[in-house]
Amino acid sequence: MSDAPPPNVPPLIQVEHLTMRFGGLVAVDDVSFTARPREITAIIGPNGAGKTTVFNCITGFYKPTVGRLTLRTDREYLLERMLGHEIGQQAKVARTFQNVRLFPAMTVLENLIVAQHNKLMRASGMSVVGLFGIKSYRDAEAAAVEIARDWLDRIGLVADADRPAGQLPYGAQRRLEIARAMCTDPRLLCLDEPAAGLNPRESGELNNLLVSIRERDGVGLLLIEHDMSVVMKISDHVVVLDYGRKIAEGAPASVQRDPAVIRAYLGTDDGEEAHA
Amino acid sequence: MGPRLPSMLKDAGLTAFVAAALGIFIVGFRTYDVSGKGLTFDYQFTDLAIAVATIFVGRLGLLLAAEGLRWPALVLGAVLGGIGAGPLALPSDFLHWFMALGGLLIIGRALWPWARQRMSTAQHSRRGLLLGRAGAKWFGWILIAGAVALPFAPFADQKTMDLSVLILTYIMLGWGLNIVVGLAGLLDLGYVAFYAVGAYTYALLSTELGLGFWIILPLAGMMAASFGILLGFPVLRLRGDYLAIVTLGFGEIIRLVLINWVDLTHGPDGIRSIPGPTLFGAVFAETAPAGHQTFSEMMGLPFSANQRLIFLYYIILVLALATNLFTQRLRRLPVGRAWEALREDETACRALGINPTSTKLTAFAIGAMFAGIAGSFFAAKQRFISPESFVFIESAIILAIVVLGGMGSQIGVVLASVLLIGLPEWFRELGSYRMLAFGLAMVLIMVFRPRGLISHREPSLRLHPVRPGGDG
């Protein structure tokens with residue numbers, strides 16, 4: 001995984017000069033990086049480095065103060081100009097949240113069906129035609145259920161399909177949230193600390209799931225992670241942020257040796273290492 | 001019960017002492033206004049003694065029940081309730097009620113843990129689950145059959161039918177608001193505004209333009225839906241409490257416009273002599289206007305005022321059932337699931353590419369549409385409307401029906417409507433205690449069923465259908 005990817009592959013998402021200010025606070029300061037399709041790009045950095053802010057800009061929850069976010073799939077999307085829900089609907093960017101955000105009272109299956117909302121809305125003629133229970137809509141719904149069943153199979157929750165999502169154990173909720181994001185059929189999947197709160201076994205299962213999403217579904221992944229075992233094992237490319245600035249970028253092994261990264265994580269000792 | 005009994009008796013004695021100390025001046029003496037001689041007073045120590053004794057026994061019964069001694073508590077409760085409800089003459093009606101309700105309370109308290117345990121085991125067994133689902137299904141059909149047969153029941157006099165029409169109107173409104181509050185999770189405190197829009201649409205179009213009931217009905221629905229969209233556009237970006245306040249304001253604005261736009265609405269005088277609904281052109285009256293036929297002439301029946309009422313009853317029954325069917329269908333469609341998802345987590349919805357604004361707008365507009373249709377029925381039934389029918393308390397009652405029934409539950413709305421609209425009417429004999437009983441019922445429901453009468457949510461689709469005759 002550490003071998004350099006062919007440079008001629010065009011980036012899936014290109015972040016250029018991204019700056020986000022909240023009043024006087026500069027949360028993200030002139031950050032540029034790219035992520036390629038079929039790769040796992042990890043964004044790491046100490047607490048408060050601005051990782052989630054970058055995510056919120058990409059997924060339309062914040063409007064960047066400065067910067068351009070270009071997503072290239074079938075065509076070019078300028079994400080900073082799109083409304084929050086359009087980014088999911090048209091540009092096909094999906095995300096999960098640091099604190100899991102499922103629809104707790106709805107069942108596991110329903111969570112995955114809601115994720116296929118836009119497709120089903122079209123099939124049901126904006127729900128007007130669907131009112132009469134026409135066959136083409138019923139077929140579309142059955143197909144959506146099959147997609148959901150596939151994902152439930154992959155995350156090992158088939159037996160729990162009809163339980164309210166809020167009743168699942170924490171680790172299962174995390175996996176379900178990823179499956180739900182994948183049910184929107186995304187080109188780019190943004191995961192905000194997917195391994196947070198998982199035990200080592202669950203964390204290992206998560207690694208397999210993420211790798212299979214990259215290999216089987218051909219989706220580009222953008223990953224915020226604290227758990228270095230996850231980052232080093234599965235990511236192809238690592239971007240390191242500190243105090244809102246990008247301090248390093250490259251393959252996991254090279255980033256790990258980068259003195260600036262070590263300083264950011266371990267702190268400097270009276271400035272001695274600053275000259276090292 | 002041996003060692004605990006003395007302390008229980010002591011506790012009950014103390015309670016009785018406090019009651020006696022408090023009651024001696026309130027119950028023990030009673031002042032009379034003797035004409036010409038000023039005030040005098042009388043002793044009512046028998047009343048006081050009976051009340052204090054009831055409190056002693058009641059406290060003891062509750063303590064026994066709390067200790068799990070079901071049988072002694074049941075005996076005490078039965079004795080107390082028996083004396084209260086029995087033929088024994090007590091000094092006042094109030095004491096009868098007091099003892100009977102006290103007895104019921106003890107019996108209820110004694111049976112509560114047992115009932116709860118039975119209920120939870122029943123809920124968790126597969127058979128119980130199936131029975132519950134079948135029961136819920138059949139319960140709905142039985143209710144519908146009962147509703148269809150009601151006008152022919154021997155007890156269906158004019159008063160009962162009037163009340164039934166009223167209850168059904170609230171059921172329809174409850175079902176309409178259930179879309180907005182129960183499914184989409186948008187707290188709407190001004191729902192009655194759409195009801196008013198529908199009512200005035202019917203009143204104006206029928207009196208000014210002479211259009212018929214069945215033509216105006218969909219128009220009124222559309223009119224109210226447009227008002228829903230008009231209000232929805234600017235305010236649906238607000239969440240929770242803020243949305244509630246704005247909708248509350250909207251309800252008041254509509255009412256004030258109705259009062260002050262005298263040229264159009266006749267202001268506080270309202271609109272009178274609104275024509276009622278017709279059946280294939282036949283009117284429900286003793287004599288028909290020129291060019292029309294009365295229903296009794298058409299059917300060759302003798303005229304009776306009840307015919308009109310029964311006709312109105314069936315109209316509102318059909319309208320309400322249509323509302324229910326429509327909602328049940330929508331729940332299983334993408335838009336319905338999106339409403340529920342929006343209620344659960346709006347942020348997550350946005351991340352999944354669901355447009356929150358348009359989704360909320362559809363919920364608001366469809367909810368408003370049903371209120372508009374119900375409003376136009378209301379105008380046709382009353383034949384007179386004025387802004388006074390559309391005050392805030394109406395919105396509050398409809399909201400209470402939805403919340404009390406259990407947010408999102410269709411059967412719950414029916415139960416809550418019967419309870420909230422029916423009980424105060426049936427309890428008229430209680431006189432001034434009516435609202436007290438009503439309040440007590442509300443408090444009890446909120447204590448014992450904080451999530452509403454029916455809090456069970458049936459999934460909109462299942463991966464594993466629950467099959468009868470399985471391994472259970």
Side-chain angles (χ1 to χ4, degrees), chain A residues 59-61 83-97 100-111 113-124 126-128 130-133 137 141 144-145 148-149 152 158-159 161-162 164-166 177 180-181 183-184 186 190, chain B residues 126 129 133 179 182-185 237 322 325-363 365-366 406-409 451-452 455-467:
Chain A
T59 50
F61 281 83
L83 286 174
H85 70 271
E86 290 173 350
I87 291 179
Q89 193 177 0
Q90 294 159 24
K92 301 261 176 204
V93 177
R95 74 168 290 178
T96 65
F97 295 87
V100 184
R101 300 195 90 128
L102 292 169
F103 306 124
M106 303 177 82
T107 65
V108 171
L109 178 66
E110 282 175 317
N111 268 272
I113 299 293
V114 168
Q116 304 178 50
H117 174 79
N118 290 312
K119 188 174 64 183
L120 287 173
M121 269 307 250
R122 276 193 300 280
S124 66
M126 308 316 275
S127 294
V128 179
L131 263 182
F132 305 103
Y137 170 65
E141 196 186 65
V145 171
R149 186 202 291 275
L152 288 175
V158 177
D162 297 324
E177 202 192 13
R180 188 182 66 180
C183 275
T184 64
C190 304
Chain B
R126 194 182 160 82
L129 196 73
R133 282 157 52 80
I179 297 176
L183 291 182
R237 67 189 65 232
L325 184 73
F326 194 76
T327 315
Q328 299 278 24
R329 283 244 142 158
L330 279 178
R331 248 198 94 215
R332 288 173 171 74
L333 285 168
V335 70
R337 293 199 194 101
W339 287 340
E340 287 198 79
L342 210 58
R343 174 194 69 200
E344 298 286 303
D345 196 324
E346 185 174 337
T347 307
C349 273
R350 212 141 39 104
L352 293 175
I354 296 171
N355 184 343
T357 313
S358 67
T359 309
K360 284 183 187 174
L361 267 183
T362 50
I366 291 173
M407 303 254 274
S409 164
R451 293 180 60 205
S455 54
H456 169 75
R457 177 184 176 278
E458 181 63 26
S460 65
L461 81 174
R462 285 172 179 275
L463 193 63
H464 314 292
V466 182
R467 274 184 303 275

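Chain letters run A, B, ... following the sequence lines, proteins first, then strands; residues in each count from 1. Quick note: numbers below take in every heavy atom, side chains included, and nothing from hydrogens, waters or symmetry partners.
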Write down the atom of [X], the atom of [Y], and the distance for their closest heavy-atom approach.
X: B:A348; Y: A:R180; result: CB-NH2, 3.7 Å
X: A:H85; Y: B:P356; result: ND1-CD, 4.0 Å
X: A:T107; Y: A:A161; result: CB-O, 3.6 Å

Below 4.5 Å from any heavy atom of chain B, which atoms of [X] appear? Answer side chain, backbone, both or neither.
X: A:V108; answer: neither
X: A:L109; answer: side chain
X: A:A144; answer: neither
X: A:Q90; answer: neither
X: A:T184; answer: side chain

I'd like to know which of [options] tops the heavy-atom pair count under 4.5 Å against chain B.
options: A:E141, A:E86, A:K92; result: A:E141
options: A:A115, A:G60, A:A94, A:C183; result: A:A115
options: A:L102, A:I113, A:V145; result: A:I113

To the nearest 0.5 Å, what is the distance between [atom1] on [X] and [atom2] on [Y]?
X: B:Q328; Y: B:L330; atom1: CD; atom2: CG; value: 10.0 Å
X: B:R331; Y: B:E340; atom1: CZ; atom2: CD; value: 4.5 Å
X: B:R350; Y: B:N355; atom1: CZ; atom2: CG; value: 10.0 Å

With a 4.5 angstrom heavy-atom cut-off, which part of B:T347 approaches chain A: side chain, backbone, both or neither? both
Do the numbers put A:R95 on top of the ring of A:F61, so that NZ or CZ is under 6.0 Å from the six-membered ring centre and no more than 45° off the axis? yes
Which one, B:A351, B:A341, B:A338, leads in non-hydrogen pairs under 4.5 Å with chain A? B:A341
